[in-house]
Amino acid sequence: MVGPDPQWLRGILPEANVLAPGLSEGVIERLLTESPVLSRVAEPTPGFTLNHRLVDGFRRYQPSIEASRGCGMGCVFCEERDIKVEKLGNGIALAASMARVREQYDGEEIRPYLQSSMFLPNARWAAGFAKEMHKLGLDISWRTETRVDVMKPQTLERLAWAGLRVIDLGLEAASPQQILAMKKADDPQRYLSAASDLLVACRDNGVKAKVNVLLYAGETQETLEETTAWLDDRRDAVAGVSVGPVLAYGPPKTADALIEEWRRLGARPVNKRAAASSGITAMHLSPEFPAEEAEAASLAISRHFMDQDAYFALKSFSYYPRDYSRKDFDCDVAASDPALLPFTVKDTVNFEATQG
Ligand code: SF4
């Protein structure tokens with residue numbers, strides 16, 4: 001998925017014969033048959049189950065099942081801000097897809113990621129989906145992601161019944177000032193209250209909530225403290241966090257407007273030519289948070305909320321290869337500099353013991 005400036009990309013990737021921006025399966029088909037399409041397209045979710053067996057060594061990886069595409073909620077930093085959310089398809093078909101994917105893995109235990117930028121089921125849809133999963137005898141634990149203010153606790157409860165065990169929640173900030181600056185929501189109080197209700201529902205229904213936090217333009221010690229204090233107050237419902245400073249993606253044509261807006265919030269690019277040369281612009285977020293400080297603060301928050309058990313529990317669910325064991329992880333932790341890890345190491349891992 002690339003942005004809408006093929007000419008810029010042509011300069012960066014002179015070896016490419018054809019460039020096709022957008023969500024692109026349809027484009028790929030056309031590339032194989034006729035001439036390329038160069039407009040930004042929003043492809044609908046494929047109406048078929050992906051055949052994981054086509055991937056070499058597919059058994060090492062957890063499968064992905066697409067639930068819906070698009071979002072369109074307008075968060076300024078996001079590529080999907082203006083791609084409209086698709087209506088969620090039929091729950092019965094989604095359950096059938098889960099069954100087909102498990103067949104591809106010969107009935108072995110799988111932990112699929114249900115892909116969807118904004119998973120937006122209502123309680124009725126969730127109940128129907130859960131019923132179908134049970135009818136098909138599918139005892140599958142799965143993971144998904146959504147915005148933190150769009151899913152009602154009753155819906156979450158039913159999804160847990162359908163096998164939801166981990167959810168990635170794009171909170172981004174709990175500072176009203178930063179929520180407004182990101183255009184994440186118009187009413188920060190309502191946003192945070194909905195987020196709080198959902199986190200409590202996750203805790204009460206045995207769903208691990210991994211919360212995404214974004215250090216944004218204009219960030220100050222005070223705004224960051226608001227976010228961490230809010231999360232601390234709900235610590236028993238937060239299984240882990242994923243934290244990082246905002247970056248401007250894309251060539252000057254798309255990044256410049258964003259960087260200009262961020263300048264007004266007190267930020268400035270680390271390298272003014274980065275958009276043209278690489279398409280990734282790191283930012284000094286504010287006088288209080290130059291880029292290096294923002295990186296250090298991100299790591300500190302991550303380490304504050306996670307130890308190695310919490311980190312492994314989240315990463316091993318749908319991300320790590322299926323054969324990457326806790327023993328492998330402990331060996332890698334023992335061989336790493338603890339100060340650079342995004343989690344605290346509770347006890348020193350006995351490397352020799354893990355070799356046995
Ligand atoms: S809610 Fe998430 S996916 Fe949607 S525009 Fe905002 S950041 Fe992007």
Side-chain angles (χ1 to χ4, degrees), residues 1-4 21-24 40-45 64-89 113-122 143-152 155-156 159 164 166-199 202 209-219 223 227 230-231 241-250 254-255 257-259 261-262 265 267 279-281 283 285 298 318:
M1 187 164 78
V2 303
L23 306 175
S24 307
R40 189 163 150 85
V41 289
E43 290 282 345
T45 309
S64 266
I65 298 172
E66 261 195 292
S68 74
R69 290 184 173 183
C71 176
M73 290 297 284
C75 306
V76 267
F77 54 85
C78 180
E79 277 289 324
E80 291 208 69
R81 62 188 171 268
D82 55 359
I83 298 183
K84 255 180 88 183
V85 68
E86 236 179 38
K87 195 166 175 285
L88 195 56
Y113 202 110
L114 214 62
Q115 303 283 355
S116 171
S117 297
M118 187 167 65
F119 189 45
L120 202 52
N122 57 26
R143 176 171 184 157
T144 193
E145 62 187 324
T146 195
R147 253 177 88 95
V148 81
D149 62 338
V150 294
M151 189 178 282
K152 298 270 179 283
T155 306
L156 190 281
L159 292 176
L164 175 63
V166 182
I167 190 161
D168 295 283
L169 296 173
L171 174 77
E172 320 305 358
S175 152
Q177 174 190 310
Q178 295 305 84
I179 292 169
L180 290 171
M182 292 174 190
K183 300 192 176 64
K184 190 83 202 170
D186 296 337
D187 183 341
Q189 288 320 325
R190 181 147 27 104
Y191 176 77
L192 291 173
S193 157
S196 194
D197 292 348
L198 185 59
L199 282 173
C202 287
K210 198 272 275 157
V211 178
N212 298 332
V213 175
L214 185 69
L215 273 66
Y216 196 65
E219 198 78 54
T223 57
T227 297
W230 189 93
L231 287 169
V241 291
S242 192
V243 195
V246 74
L247 299 166
Y249 288 108
T254 48
L258 205 49
I259 293 171
E261 183 170 335
W262 292 347
L265 298 170
I280 303 171
T281 307
M283 302 293 297
L285 300 180
S298 301
S318 300

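Starting from 1, each residue takes its place in the sequence as its number. In this text, all values refer to a predicted model and were calculated from it rather than measured experimentally. As the structure lists them, so they are numbered: ligands from 1, and atoms in each ligand from 1.
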At their closest point, which heavy atom of Ala181 faces which heavy atom of Glu261, and how far apart are they? O-OE2, 4.3 Å

I need the protein N, O or S atoms closer than 2.8 Å to atom 4 (Fe) of ligand 1, given as residue plus atom name. Cys71 SG

By the definition side-chain contact (heavy atoms from CB on, under 4.5 Å), identify the one residue from Ile179, Leu199, Asn212, Leu231 that meets it with Leu171. Leu231

Starting from the C-alpha separation in whole Å, work towards a yes-or-no answer on side-chain hydrogen bond (donor to acceptor under 3.5 Å, both in side chains) for Thr227 and Ser175. CA-CA 6 Å; Thr227 297; Ser175 152; 5.4 Å; no

Sequence neighbours excluded, which residues qualify as side-chain contact (heavy atoms from CB on, under 4.5 Å) partners of Asp149? Arg147, Tyr191, Ala194

Of all the non-hydrogen atoms in the protein, which one sits nearest to atom 2 (Fe) of ligand 1, and at what distance? Lys184 NZ, 4.0 Å

Using the rule side chain to side chain donor-acceptor pair (under 3.5 Å), only one of Glu145, Glu80, Arg69, Glu86 pairs with Ser117; which is it? Glu80

Provide the closest heavy-atom pair for Ala173 versus Met182 in the form atom of the first, atom of the second, distance. CB-CE, 3.8 Å

